[in-house]
Every structure is written in C-alpha cells, then in structure tokens.
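FYI, side chains are in, hydrogens and waters are out, and symmetry mates aren't considered; it's all heavy atoms of this structure.
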Amino acid sequence: MPEMEELKLTYDIVIFGASGFTGKYVIREALKFLNEPSSPLKSLAIAGRSPSKLAQALQWASNPNPPPEIPILTVDAADPSSLRRIASQAKIVLNCAGPFRLYGEPVVAACVEAGCDYLDICGEPEFMEVMEASYHDKAAENGSLVVSACGFDSVPAELGLMFNSRQWVSPAAPNRVEAYLSLESDRRIVGNLGTYESAVLGVANVNKLQELRRSRPRRPRPTIPGQPPKGPAFEHQKEFGVWALRLPSADSVVVRRTLSCLAENPAGIPGVNESAQQFEKRKAFWAAVKPAHFGVKIASKSLLGIVRIVTVGLFIAVFGKSSIGRRLLLKFPSVFSLGSFRKQGPTEEEVSSASFKMWFVGHGFSDASGTFEGNKKPDMEIITRVTGPEIGYLTTPIILVQCALVLLNQRDDLPKGGVFPPGIIFGPTDLQQRLQRNGVSFDLISKKSLSQRI
C-alpha cells in the first residue's frame with residue numbers, strides 16, 4: 001500500500017504505534033466506526049516505523065474483509081520532524097507505543113506544538129505527571145487536549161467511581177470506595193507485556209516520581225465526610241467469593257488527580273465553546289459526584305492466585321532496583337512473572353476467552369451532615385460493578401476509540417487544551433453510555449443499611 005505524504009490532508013485520527021500487539025487491536029476497533037453513518041470518524045491513518053508491518057497489521061485488523069484504502073505513514077518516535085508531520089495532519093493522535101516513559105514524550109511534544117489532541121493508553125504515573133508538569137500550560141495555550149490513561153488504565157476506575165458516587169443521593173455521601181478487580185478466563189491469562197515492562201521501569205524510577213511530586217505545589221484535596229479509612233490490605237471478600245490484596249495502582253493515582261482537579265474546579269472545566277445547555281449539564285453532573293477515598297485491590301478466586309501475584313511483585317520490587325536485575329526481568333518476562341507475561345503476547349483464543357469484573361464497594365453515611373469533623377462510623381453500603389472483555393486488547397481499544405469519538409463529536413463542549421486525567425474530561429460526556437453500548441457494562445448491585453437492604 002503506498003505511503004501518503006500529502007501534508008494538506010487532515011485525518012480525524014492517526015493511530016501511532018499501530019503495528020504493535022495492542023495497536024492492531026486498536027485499528028480493528030477503529031475500523032468498526034470508519035465512515036459509518038452515525039459516526040464522526042470519516043478519515044483514519046495508521047503510523048509507525050515499518051510500512052510493511054503496518055500493512056500486515058491493517059490486513060489482520062480487517063480480516064475477513066480486504067483492507068481498506070487508508071493511509072500508512074512512516075513515523076519514528078526518534079525523529080521529531082516525522083512526529084510533527086503527523087501531528088500537523090491529525091485532529092487526534094492515538095498513541096499505542098509504550099513504554100511511554102521511553103517513547104511517549106516526543107509524541108506529546110509534537111501534538112502540543114501542532115495544537116492537535118492526544119490520547120494514549122498509558123498506565124505509568126511518572127509519565128503522566130511529568131507530561132502535566134512540562135506541557136500543561138503550552139497545551140492550554142495551543143488548544144491541544146492531552147489525556148493519558150484512556151484504556152483499561154484508568155477509565156473503568158474513573159467512571160466506575162463516579163457511577164458509584166452518583167448512587168449516593170443527598171443527604172447520603174460516601175466515605176470510601178474500594179475497587180476489587182478480578183481477571184477471569186477459561187484459559188491461562190497472559191498479560192500485556194507493556195504493562196510488565198512499565199512496572200519494571202516504574203520501580204527503577206520511583207525516586208524520580210517522588211522528587212517530582214515534592215517539587216510541585218501541593219494540590220487541593222477534596223472534602224470527604226468522616227475519617228480516612230483504615231481497611232485491611234489483604235482480605236477474604238466473601239460476598240464476591242474472592243481473596244483480595246491492595247496493590248500500588250495507576251488507577252488510584254489517576255483518580256486522585258481527577259478529584260484534585262474537581263476540588264479546584266467544583267463545576268468541572270468549561271468547554272472551549274460550550275452552549276448554555278451544556279454548561280448546565282456539566283454543572284449538574286459534577287454536583288452529583290461526591291468524592292471519596294479510593295483504593296484498588298487485585299482479586300482472585302483462589303488463595304494461590306494471590307500468592308502468585310505477591311511472588312511476581314516481589315521479583316519486580318527486588319530485581320527492579322538494579323540495572324542487572326532489570327535486564328534479567330526484561331529478558332525473561334515469562335520466568336519472573338511465573339508465566340503471566342510473555343514476549344509473544346497472548347493468542348487470539350486467550351484474548352477472546354478472558355474478561356474482567358470490577359466491583360466498587362462504597363461505604364458512607366445515610367446522612368453526611370455533621371460527619372466532616374466527627375468520628376461517626378459509616379452506616380451505609382452501595383456496591384456497583386463494571387464488567388467487560390479482556391482488559392489489554394479488547395477493553396482498552398474499545399475505551400480508546402470511544403474517547404476519540406467523543407472528542408470528534410463533542411469537541412466544543414470540552415476544554416480548549418491542557419494535560420488532564422480522563423475522568424475530569426470525559427466524566428460529563430456520554431462516554432459511559434458509549435462504553436455500555438460497546439460491551440463495557442456499569443451496574444448497580446446493591447444498597448444496604450446496617451440492618452436491612454434499602
């Protein structure tokens with residue numbers, strides 16, 4: 001397929017890193033909406049270093065149909081001029097090329113310079129916070145909306161917390177919401193290698209992240225009724241039939257960033273050209289969102305599953321501190337992850353057989369008045385759940401593409417530009433409804449008082 005170099009063309013979406021394992025699934029998801037009557041996606045291009053690999057990825061993504069005639073752009077993250085070229089041609093760049101701390105910043109820089117919007121599937125807190133510190137002001141000035149974590153990290157956590165929060169009708173309010181993530185499959189689950197690599201590099205750079213946070217002004221914290229919770233780090237959650245362990249999570253970091261944004265902007269962030277109707281809708285949405293302490297626990301139906309998770313975590317924590325250890329971790333991912341990650345990735349059968357359930361257990365007060373200063377204990381529980389297909393190659397492309405379609409369809413209702421977490425941008429939009437229509441479900445499970453079901 002010939003490469004398209006015509007700079008006058010403008011593409012609605014350019015998928016960068018499209019020949020990677022995740023990238024080809026993103027192509028497949030995007031093709032479902034290309035030139036559909038109700039879809040705003042009218043032009044699409046794919047980009048990466050190897051035109052032949054991109055053509056193969058497009059053919060795979062199009063199967064069993066013949067590949068459509070869409071442009072293939074040769075772009076290298078190490079070549080700033082090539083990145084500027086695609087950014088100048090695109091309304092939105094979808095970045096699928098990680099680890100992002102190694103390859104992501106030049107893509108962000110090019111998009112910010114060109115004033116085009118940028119979405120990625122990053123789950124690396126350091127990268128996200130460095131991008132915010134380095135590019136927020138310029139992105140706001142140039143009209144470039146930069147939003148990371150637009151995949152399984154961290155949209156289900158962000159929208160899932162908001163969905164649970166909005167079930168607390170005043171004067172009720174939550175104090176804490178604990179998310180329990182269960183990955184399920186008829187086959188052995190094999191994870192996204194990029195997630196494993198990001199975890200290894202995250203351990204290596206944890207001091208840099210702490211230094212960055214200490215160097216930045218302290219952001220406001222949301223007002224939450226009651227005292228900060230002191231729940232167990234490990235538990236047997238009998239209601240769901242799982243063992244659960246609290247782990248450091250990008251989801252928790254991203255949610256806290258959104259809640260800090262909300263504390264600074266209680267009515268959300270104004271759209272660049274929003275209507276009076278959208279202004280009222282945005283204010284009403286955020287008025288219904290009640291902040292809560294938030295944490296994530298990984299859940300397993302067997303205690304052995306938790307032991308495996310702890311073992312892999314210890315390997316990464318111990319070996320990730322030295323350069324020799326990191327080389328070993330990255331060279332032999334299958335060994336050190338006990339088979340949970342491998343270089344060739346999962347098979348299509350493994351992907352199609354996997355799914356996830358994410359329960360959100362909220363504890364709070366049936367009447368929150370007078371609880372902000374006192375020691376009153378929560379007397380109410382609300383449980384919600386988010387479910388969907390395999391997280392890395394099915395749910396993540398669904399979320400990324402739907403976020404892009406929201407941008408194309410509702411750009412005037414969104415902020416002019418800046419670097420933000422996904423929740424503060426997409427919360428008031430129809431993203432949750434879009435996900436619901438595309439296989440990611442949000443459900444209210446139960447409401448309970450101390451003594452009876454409500």
Minimum heavy-atom distance between [X] and [Y], given as atom pair plus value:
X      : Y      : result
Ile92  : Leu94  : CG2-CD2, 3.8 Å
Ser62  : Leu58  : OG-O, 2.6 Å
Gly305 : Ser300 : CA-OG, 3.5 Å

Check whether any side-chain heavy atom of Tyr118 sits under 4.5 Å from a side-chain heavy atom of Val147, and report yes or no.
-> no
Contacts under 3.5 angstrom, residues 125-135 side chains, donor-acceptor by atom type, not counting sequence neighbours:
unit_1: Glu126; atom_1: OE1; unit_2: Arg101; atom_2: NE; d: 3.1
unit_1: Glu126; atom_1: OE1; unit_2: Arg101; atom_2: NH2; d: 3.1
unit_1: Glu129; atom_1: OE1; unit_2: Arg213; atom_2: NE; d: 3.0
unit_1: Glu129; atom_1: OE2; unit_2: Arg213; atom_2: NE; d: 3.3
unit_1: Glu129; atom_1: OE2; unit_2: Arg213; atom_2: NH2; d: 2.7
unit_1: Glu132; atom_1: OE1; unit_2: Arg216; atom_2: NH1; d: 3.1
unit_1: Glu132; atom_1: OE2; unit_2: Arg219; atom_2: NH1; d: 3.1
unit_1: Ser134; atom_1: OG; unit_2: Val130; atom_2: O; d: 2.9
unit_1: Tyr135; atom_1: OH; unit_2: Glu105; atom_2: OE2; d: 2.8

Is the count of non-hydrogen atoms from other residues, nucleotides or ligands lying under 6.0 Å from [X] atom [atom1] greater than 12?
X      : atom1 : result
Lys321 : NZ    : no
Glu274 : CD    : yes
Phe285 : CZ    : yes
Arg49  : CZ    : no

Side chains of [X] and [Y]: donor-acceptor distance under 3.5 Å anywhere?
X      : Y      : answer
Gln277 : Ser275 : no
Asp120 : Ser148 : yes
Asp443 : Ser441 : no
Gln89  : Thr10  : no
Asp186 : Ser353 : no

Charged N-O contact under 4.0 Å between Arg411 and Asp117 | yes
Short N-O contact, Glu113 and Lys138, less than 4.0 angstrom | yes
In Phe332, Phe336, Phe341, the residue satisfying ring-ring contact (aromatic ring centres under 6.0 Å, His included) with Tyr196 is Phe341
List the steps, then state whether ring-ring contact (aromatic ring centres under 6.0 Å, His included) holds for Phe152 with Phe356.
-> CA-CA 10 Å; Phe152 185 79; Phe356 80 90; 4.9 Å; yes
Evaluate side chain to side chain donor-acceptor pair (under 3.5 Å) for Gln410 paired with Asp430, printing each intermediate quantity in order.
-> CA-CA 9 Å; Gln410 304 173 44; Asp430 63 348; 2.6 Å; yes
State whether the side chain of [X] and the backbone N or O of [Y] hold a donor-acceptor pair below 3.5 Å, judged by distance alone.
X      : Y      : value
Arg326 : Gly320 : yes
Lys290 : Trp168 : yes
Thr258 : Val255 : no

Ala179: partners by side-chain contact (heavy atoms from CB on, under 4.5 Å), with sequence neighbours left out = Phe294, Val296, Met358, Phe360
CG (Leu159) and CE (Met162) are apart, to the nearest 0.5 Å, by 6.0 Å
Would you be so kind as to tabulate the donor-acceptor pairs closer than 3.5 Å made by side chains of residues 14-29, with sequence neighbours excluded?
unit_1: Thr22; atom_1: OG1; unit_2: Asn192; atom_2: ND2; d: 3.2
unit_1: Glu29; atom_1: OE1; unit_2: Lys32; atom_2: NZ; d: 3.0

